[in-house]
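Quick notes on the structure that follows.
Residue numbers run from 1 in the order of the sequence given.
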Amino acid sequence: MPGERAYDVVVFGATGFTGELTAAYLAENGPEGLRWALAGRNQQKLAAVRDRLGKPDLPLLHAEVGDPASLAEVAGSTKVVITTVGPYINYGEPLVKACADAGTDYVDLTGEPEFVDLMYVRHHARAAQTGARIIHCCGFDSIPHDLGAYFTVKQLPEGVPLKVEGFVTANGTFSGGTLDSAVTAMSRLRETRKAAAGRKAIEPRPEGRRARAVPGKPRRNKEAGGWVLPMPTIDPTIVARSARALDRYGPDFTYSHYFATPHAYMAGGAAAGAGGLVAMAQIPAARNWLRKRRPSGAGPSPEQRAKGWFKVRFIGEGGGSRVITEVSGGDPGYGDTAKMLAESAVCLALDELPPSAGQVTTAHAMGDALIARLQAAGMGFRVIQG
């Protein structure tokens, strides 16, 4: 990374719901001496956030998505930029470009496959050239799954084919920003397929080994706690990309990703509900109606977040061994997502990490160091059996 930077971490989007939670996490839990700042277009709103944080000396930086010079200035001033400004397909690319050009590490919360693939095609090569680590999906999408699969693989023999399945159970509610991003992504299925094809055409694959995300089948699984349904999120793709980057996943690695529920009727309801949302997202009027269910900036109360939780159970097999592990935490969408995002940025800024550059994953870039940080912050990574 060229030259000394004024800041270790800059939070872009701190006036939004998740952005302020992330800033609050850093204010309360950031390591001693961390040099950090808030960035955004509305300085009055940023100052109000700073006041709520009780950090009167916290620097405020000007940055706007529509002002490339302001983004370049912010990117050039810090080691790492955190951004919570979505939907990322609408607002994310200018900051990715600024960080790739400046050799600045970047973390976000996106779960939008189209955005991630487009950023690889357009900015991976430049980031690899400058040394920037562009790391998407640093919240509930996809840290528990990516690091959980990595943690599971490390319990299994080396140099043999490995199979891992992940089973998600969670309780939480969503914000207006999350709803907007999800509806936007569901409305762009054709564009998402096109972006994936564009990435596949240029992305190199490892020689002599393979790693795949394999669609699972609905079934009953006692160890997962009931009925399991394939979960069509970005998470299995992220896990597979980590596996392609790291030889530790073995010569032939497969991962399948599921939502787990104790009752068959709940599984059926979840499948029908997901299908209905996708169908509604294709119709402009229905899309707008969905977005109005929770306006931008609105989100769950502290009491609601306090009741949130998640558990992801992993079953790994290979070389005659079998292991069951679990990753667990609090409110998946906001409380622990802010924790994961902030700890990712601090890890990149301060920890000694293996070399990586370009668009990379959390397991590839940070692996053991980020697991250690998250464990110290209260997230669970444990071996249940094996």
Side-chain angles (χ1 to χ4, degrees), residues 1-2 5-7 9-20 22-23 36-43 45-46 49 59-139 141 177-178 180-182 184-185 187-188 191-192 194-195 198-199 202 234 296-297 341 344-345 348-349 357-360:
M1 187 175 292
R5 306 291 177 97
Y7 306 108
V9 176
V10 169
V11 181
F12 179 53
T15 59
F17 185 78
T18 309
E20 184 166 346
T22 304
W36 65 292
L38 306 180
R41 65 180 180 179
N42 189 316
Q43 297 297 291
K45 289 184 178 180
L46 280 179
V49 171
L60 305 181
L61 311 179
H62 173 71
E64 293 187 47
V65 168
D67 181 358
S70 71
L71 297 179
E73 186 172 349
V74 167
S77 72
T78 185
K79 294 179 181 179
V80 188
V81 174
I82 296 172
T83 175
T84 60
V85 181
Y88 290 92
I89 195 65
N90 295 336
Y91 305 115
E93 182 171 7
L95 185 57
V96 173
K97 181 182 187 305
C99 289
D101 286 340
T104 299
D105 294 335
Y106 163 104
V107 294
D108 69 25
L109 292 173
T110 191
E112 304 164 42
E114 179 191 4
F115 173 71
V116 173
D117 288 341
L118 286 176
M119 294 308 95
Y120 180 90
V121 170
R122 295 173 182 172
H123 303 293
H124 166 75
R126 176 62 173 159
Q129 181 184 51
T130 64
R133 292 170 288 196
I134 306 298
I135 310 181
H136 305 290
C137 309
C138 291
D141 286 330
T178 298
D180 192 14
S181 292
T184 298
S187 73
R188 298 177 60 87
E191 293 89 345
T192 297
K194 183 178 178 181
R199 177 175 184 154
I202 66 169
I234 197 172
S296 179
L341 185 63
S344 295
L348 288 169
Q359 191 187 103
V360 289

Inset, instruction - Report yes if some heavy atom in the side chain of V10 is under 4.5 Å from a heavy atom in the side chain of V80; otherwise report no. - result: no
Legend entry - Enclosure of E73 CD (heavy-atom neighbours >12, cutoff 6.0 Å): no
Inset, instruction - Answer yes or no: is there a side-chain heavy-atom contact under 4.5 Å between V96 and Y88? - result: no
Inset, instruction - Verify the ring-centre separation between H136 and Y106: is it less than 6.0 angstrom? - result: yes
Inset, instruction - Would you mind reporting whether T15 and L46 have side-chain heavy atoms less than 4.5 Å apart? - result: yes
Inset, instruction - Could you tell me which non-hydrogen atom of L38 sits nearest to which non-hydrogen atom of A14, and how far apart they are? - result: CD2-CB, 3.9 Å
Inset, instruction - Might you confirm whether atom CZ of R126 has over 12 heavy atoms from other residues, nucleotides or ligands at distances under 6.0 Å? - result: yes
Inset, instruction - State the CD1-OG1 distance between I234 and T192, to the nearest 0.5 angstrom. - result: 9.5 Å
Inset, instruction - Assess whether side-chain contact (heavy atoms from CB on, under 4.5 Å) is satisfied between V116 and C137, documenting all intermediate values. - result: CA-CA 9 Å; V116 173; C137 309; 4.2 Å; yes
Legend entry - Min side-chain heavy-atom separation P87-N90 under 4.5 Å: yes
Legend entry - Straight-line distance of D141 CG to E112 CD, nearest 0.5 Å: 10.0 Å
Legend entry - For the student: nearest non-hydrogen atoms of V107 and A345, plus distance: CG2-CB, 4.2 Å
Inset, instruction - Determine yes or no for a side-chain-to-main-chain donor-acceptor pair under 3.5 angstrom, with Q43 supplying the side chain and G40 the backbone. - result: yes
Legend entry - Side chains of C138 and L109 in contact at under 4.5 Å (non-hydrogen atoms): no
Inset, instruction - Considering non-hydrogen atoms only, spot the tightest contact between R5 and T78 and give its length. - result: NH1-O, 2.7 Å
Inset, instruction - Using the side-chain contact (heavy atoms from CB on, under 4.5 Å) rule, take Y120 and I202 through it: C-alpha gap first, then chi angles, then the decisive distance, then the call. - result: CA-CA 10 Å; Y120 180 90; I202 66 169; 4.2 Å; yes
Inset, instruction - Walk me through it: do Y7 and L61 pass the test side-chain contact (heavy atoms from CB on, under 4.5 Å)? - result: CA-CA 11 Å; Y7 306 108; L61 311 179; 3.8 Å; yes
Inset, instruction - Mind listing the closest non-hydrogen atom pair of I89 and R188 along with its distance? - result: CG1-NE, 4.0 Å
Legend entry - Min side-chain heavy-atom separation E93-H123 under 4.5 Å: yes
Inset, instruction - Rounded to the nearest 0.5 Å, what's the gap from OG1 on T83 to CG on L71? Could you check? - result: 9.0 Å
Legend entry - Residues D105 and K79 bridged, charged N to O under 4.0 Å: no
Inset, instruction - With the side chain counted from C-beta on, respond yes when T84 and L341 share a heavy-atom pair under 4.5 Å apart, and no when they do not. - result: yes
Inset, instruction - Please round to the nearest 0.5 Å and tell me the distance separating atom NZ of K45 and atom CG of L60. - result: 14.5 Å
Inset, instruction - Might you point out which heavy atoms bring W36 and A23 nearest each other, and give the distance in Å? - result: CH2-O, 3.4 Å
Legend entry - Atom of H124, atom of Q359 and distance for their closest heavy-atom approach: ND1-N, 2.9 Å
Inset, instruction - Would you indicate whether the side-chain heavy atoms of F12 and V65 approach each other to under 4.5 Å? - result: yes
